[in-house]
Amino acid sequence: MNRREKRIQAVLFDFDDTLIDWSKRTKSWEELSQVRIEKIHRFLTSIGHTLPDKTTFYQHYVDIVQQSWRRANQTWESVCFAVVLSETFSRFNLDMSQINLETVMQVYDWGPVPGVEPYEDTIPVLEYLHRHHYKIGLITNAMLPMWMRDIELQQYQMLDYFDVRLTSGDVGYIKPHPAIYHSALEQLNTTPERAIFIGDRPEYDVIGANNAGLVSIWMNPPHLKHTLNNVEPDHTITNLQEMLPILKQLD
Ligand SMILES: [Mg+2]
């Protein structure tokens with residue numbers, strides 16, 4: 001190995017509560033999703049589909065989302081938004097051959113969550129990594145396809161920093177399943193031992209990175225109250241810039 005070549009080639013991040021701070025969000029998940037599911041309800045009704053009232057429609061959607069995440073936490077097979085929508089529509093016997101799911105997802109009109117912002121040091125850290133020629137990746141447990149979460153990244157002016165971005169909904173597996181880590185590494189053309197992963201949830205992010213063979217960094221800012229419960233990260237930080245000396249030390 002070239003002695004001047006750095007050991008670490010790639011830095012991968014979790015998204016929510018690792019790169020962006022959810023602590024000051026002003027709306028609950030219910031408030032955010034209800035208004036959007038109502039948009040879908042209005043759209044489907046407007047093109048001639050027969051649906052129950054919007055509240056009943058929303059309750060069935062929530063029921064399927066919750067049931068799907070319970071299953072995902074047992075099997076590590078991800079919830080996928082398109083599948084959730086299809087299952088919801090099937091409950092009301094909608095003719096799926098007449099529904100374009102891409103269009104329905106556009107109607108959902110996803111965007112940045114009010115009050116959620118990148119941490120103060122998110123962009124400077126991404127900028128540092130970019131300047132020092134690290135490959136940068138993002139892996140998130142989210143049912144939404146990446147093109148929808150890209151809307152947030154774009155708004156936060158973070159999108160262009162990432163060489164690879166994956167949601168579990170697109171890959172088919174959630175963290176801690178190794179498949180989602182390996183898929184990102186493959187796309188970055190590197191190997192687990194040459195990559196680090198930073199995330200806030202020990203049971204998903206840290207265990208997953210450990211099992212997939214990456215260097216794990218637990219992001220544990222004071223406002224989050226997650227506990228390790230015997231999970232052992234290689235390093236722990238309380239803000240993103242604390243990872244920079246660790247990176248230097250690893251190299
Ligand atoms: Mg997170």
Side-chain angles (χ1 to χ4, degrees), residues 2 4-22 112 116-142 144-171 173-201 204-206 208-210 212-221 233-251:
N2 181 343
R4 285 183 304 170
E5 197 177 308
K6 288 196 282 239
R7 175 194 160 192
I8 300 296
Q9 286 189 317
V11 180
L12 289 82
F13 295 92
D14 163 55
F15 191 12
D16 300 305
D17 280 323
T18 296
L19 291 172
I20 56 175
D21 178 3
W22 280 72
V116 175
E117 291 287 343
Y119 292 108
E120 238 170 49
D121 56 359
T122 300
I123 301 278
V125 165
L126 291 173
E127 185 59 38
Y128 174 93
L129 297 173
H130 175 70
R131 260 191 291 117
H132 289 79
H133 309 291
Y134 290 97
K135 298 173 182 182
I136 308 176
L138 181 146
I139 303 176
T140 174
N141 278 356
L144 300 182
M146 197 63 228
W147 68 260
M148 291 173 85
R149 304 241 40 200
D150 278 351
I151 298 168
E152 294 159 81
L153 287 171
Q154 181 84 56
Q155 185 82 19
Y156 299 136
Q157 303 191 329
M158 287 162 58
L159 184 63
D160 292 341
Y161 287 107
F162 295 96
D163 301 293
V164 65
R165 307 177 309 280
L166 300 176
T167 73
S168 59
D170 285 343
V171 175
Y173 291 97
I174 62 168
K175 296 171 284 184
H177 195 290
I180 191 163
Y181 296 85
H182 291 156
S183 175
L185 294 171
E186 204 172 294
Q187 291 184 47
L188 292 173
N189 195 24
T190 190
T191 52
E193 61 275 8
R194 302 199 66 183
I196 67 177
F197 186 81
I198 302 107
D200 66 292
R201 296 288 294 264
Y204 299 118
D205 296 311
V206 178
N210 286 348
L214 290 80
V215 177
S216 60
I217 299 184
W218 180 35
M219 169 70 164
N220 183 34
D234 295 313
H235 304 272
T236 298
I237 58 176
T238 58
N239 60 56
L240 286 173
Q241 57 185 338
E242 285 176 14
M243 64 167 276
L244 299 181
I246 296 171
L247 202 52
K248 280 187 196 139
Q249 180 198 324
L250 287 168
D251 281 332

How long is the gap from OG1 on T122 to CD on Q241, to the nearest 0.5 Å?
10.0 Å
Just so I know, are the side chains of L240 and L19 near enough to count as touching, which here means a heavy-atom distance under 4.5 Å?
yes
Audit row: L138, M146, side-chain contact (heavy atoms from CB on, under 4.5 Å) steps and yes/no:
CA-CA 10 Å; L138 181 146; M146 197 63 228; 4.0 Å; yes
Check S216 against P233 and note the closest heavy-atom contact, atom names and distance.
OG-CA, 3.4 Å
Does W218 reach the main-chain N or O of D200 with its side chain, forming a donor-acceptor pair under 3.5 Å?
yes
At their closest point, which heavy atom of F13 faces which heavy atom of F197, and how far apart are they?
C-CE1, 3.7 Å
Can you give me the closest heavy-atom contact between R194 and K6, atom names plus distance?
NH2-O, 2.5 Å
Within-4.5 Å side-chain heavy-atom neighbours: Y181 and I139
yes
Side-chain contact, heavy-atom cut-off 4.5 Å: D14 with M219?
no
With rounding to the nearest 0.5 angstrom, report the CG to NZ distance, L12 to K135.
11.0 Å
P221 side chain reached by Y119 side chain, heavy atoms, under 4.5 Å
yes
What's the spacing between Y173 OH and L166 CG if we round to 0.5 Å?
14.5 Å
How far does NE2 of H130 sit from CD1 of I136, to the nearest 0.5 angstrom?
7.5 Å
How about Y134: does its OH atom have over 12 heavy atoms from other parts shown lying under 6.0 Å from it?
yes
Between I217 and E242, is a side-chain contact (heavy atoms from CB on, under 4.5 Å) present by the stated rule, with each step listed?
CA-CA 10 Å; I217 299 184; E242 285 176 14; over 6 Å; no
Between L159 and D150 the two heavy atoms that sit nearest each other are CD1-OD1, 3.5 Å
Residues, nucleotides or ligands: over 12 heavy atoms within 6.0 Å of E193 CD
yes
Kindly indicate, with the supporting measurements, whether the criterion side-chain contact (heavy atoms from CB on, under 4.5 Å) is fulfilled by T167 and L144.
CA-CA 7 Å; T167 73; L144 300 182; 5.6 Å; no
Please tell me if the side chains of I196 and M243 come closer than 4.5 Å, counting only heavy atoms from C-beta onward.
yes
When rounded to the nearest 0.5 angstrom, what distance separates CG in N239 from CG in D21?
12.0 Å
Is the closest basic N to carboxylate O distance between D170 and R165 below 4.0 Å?
no
Examine distances only and state if a side-chain atom of D205 and a backbone atom of G208 form a donor-acceptor pair shorter than 3.5 Å.
no
Tell me, with the steps shown, if N220 and T236 meet side chain to side chain donor-acceptor pair (under 3.5 Å).
CA-CA 7 Å; N220 183 34; T236 298; over 6 Å; no
Any side-chain heavy atom of V215 within less than 4.5 Å of one from I246?
no
With a sphere of 6.0 Å drawn around CD of E186, does it hold more than 12 non-hydrogen atoms of other residues, nucleotides or ligands?
no
Within 6.0 angstrom of D251 CG, more than 12 heavy atoms from elsewhere
yes
Quick one: are P112 and E117 in side-chain contact, heavy atoms under 4.5 Å?
no
Correct closest heavy-atom pair for H177 and A179 would be ND1-N, 2.9 Å
Report the distance from atom CG of N141 to atom CG of D16, rounding to the nearest 0.5 Å.
9.5 Å
Could you walk me through whether I123 and M158 satisfy the side-chain contact (heavy atoms from CB on, under 4.5 Å) test, starting with their C-alpha distance in whole Å, then the side-chain angles of each, then the deciding distance to 0.1 Å, before giving a yes or no?
CA-CA 7 Å; I123 301 278; M158 287 162 58; 3.4 Å; yes
Shortest non-hydrogen separation from L185 to A195 and the atoms involved:
CD2-CB, 3.5 Å
Side chain to side chain, F15 and L153, heavy atoms closer than 4.5 Å:
yes
